[in-house]
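Have a look at the structure below, then the notes.
Numbers restart at 1 for each chain; the letters A, B, ... are given by sequence-line order, proteins then strands.
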Protein chains: 2
Amino acid sequence: MGRVGTPQRRDTRQRRAVLGALTNYEAFRSAQDIHAAVRSGGEAVGLATVYRSLQLLADAGEVDVLRDDSGELLYRRCADRGHHHHVVCRSCGTAVEVKSDAVGRWATTVAEEHGFTEVEHWVEVFGTCAKCARHTS
Amino acid sequence: MGRVGTPQRRDTRQRRAVLGALTNYEAFRSAQDIHAAVRSGGEAVGLATVYRSLQLLADAGEVDVLRDDSGELLYRRCADRGHHHHVVCRSCGTAVEVKSDAVGRWATTVAEEHGFTEVEHWVEVFGTCAKCARHTS
DNA sequence: TTATCTGCAAACATTTTGCAGCGAG
DNA sequence: CTCGCTGCAAAATGTTTGCAGATAA
């Protein structure tokens, strides 16, 4: 009879490196950017391992994930582990965490009015942050 | 001196076929699904042409685009040409158009409070539609 | 006639996966 | 000693693009 349930998680040098790169970093970044950051920090970690670690962290709710316009996945470790949204800078990825029960309630209500169940909502706000506005103008 | 501005749009059999497949179809579908639908309707159209047509239609605001969980782009022709959101069925793609000035105002306000400009928001609601809930249960 | 469109195949970019060896527990 | 993890390279996926010929206007 096969093993069920979540396998043990091991504490490896590579996973510590990925988590380290995410900690206290305010911008959403792609897996490739994070990989580059880890490497330039002196740690040798394979790209596939970075992808696998990020997936694990995302599944565990340790990091937030969103897609940019081009469809690339971006990752960031947020202070708030609960449900929240982001205001993300289109140009540098910097993000601010935002809470709003109102939006969630609106989504659920509207969906249920149309006969939908198991309602989930996805809200992201994009803009140009103050710093990037200064550089660009 | 080179030509500037939008090139002429030609009315071809292929584009009519793609637009036809989108007209009065309530679900969001991938380019590949739409391609299959066009073909099974008896029209010979290349996949690349379908992609190009959809891009053109999307740029013109004639069709709405969103990404599903897997990152695939889905297309649908909506009645409302203005800004609106969708409640989309996770399982069949059927979508209901929803208007909400409140959500837009909330997004803009919150973003500006944090110093962001050129604010844009992205809101989609996912759920299981009544029909699919019946089939699955 | 001529600029745009089409089809095909090749190119792309991101992400996933198979596998053999490594290493945490 | 085991079973999960890693690195690499190969595969998979969805989408885009170059080019030569077809075709609206």
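Computed from coordinates, the A:Arg10 CZ to D:dT6 P distance equals 10 Å when rounded to whole Å. Rounded to whole angstrom, the span from the CG atom of B:Asp69 across to the P atom of C:dT15 amounts to 15 Å. Between the CG atom of A:Asp11 and the C1' atom of D:dC5 there is a distance of 12 Å, rounded to whole Å. Rounded to an integer number of Å, the gap from CZ of A:Arg67 to P of D:dT15 is 10 Å. Across the protein-nucleic acid pair, B:Glu72 atom CD and C:dA13 atom C1' stand 16 Å apart, rounded to whole Å. When rounded to the nearest whole Å, the span between NE2 of A:His35 and C1' of D:dG7 equals 10 Å. One atom, CZ of B:Arg9, and another, C1' of C:dT6, lie 16 Å apart when rounded to the nearest Å. B:Arg13 places its CZ atom 14 Å from the P atom of D:dA22, with the value rounded to the nearest Å.
When ring centroids are compared, B:His35 and B:Tyr51 stay outside the 6.0 Å threshold. With ring centers used as reference points, A:His121 lies under 6.0 Å from A:His85.
The shortest side-chain heavy-atom distance between B:Val18 and B:Thr49 does not fall under the 4.5 Å cut-off. Within the 4.5 Å cutoff, the side chain of B:Thr117 has no heavy atoms near those of the B:Glu112 side chain.
Put simply, B:Arg15 has a side-chain N or O that comes within less than 4.0 Å of OP1 or OP2 on C:dT6. Applying the 4.0 Å criterion to OP1 and OP2 of C:dT14, one finds that A:Gln32 has a side-chain N or O inside that range. Between B:Thr12 and C:dT4, a side-chain N or O to OP1/OP2 separation shorter than 4.0 Å is absent.
For B:Arg81 and B:Glu62, the salt-bridge test passes: some basic side-chain N is under 4.0 Å from an acidic carboxylate O.
Residues of residues 38-60 of chain B that place a heavy atom closer than 4.0 Å to DNA chain C, in numerical order, are B:Ala44, B:Val45, B:Gly46, B:Ala48, B:Thr49, B:Arg52.
Rounded to the nearest 0.5 angstrom, A:His84 NE2 and A:Glu97 CD are separated by 4.0 Å.
Stacking of A:Arg77 on the aromatic ring of A:Tyr75 is not recorded, the 6.0 Å distance cut-off and the 45° axial limit not both being met.
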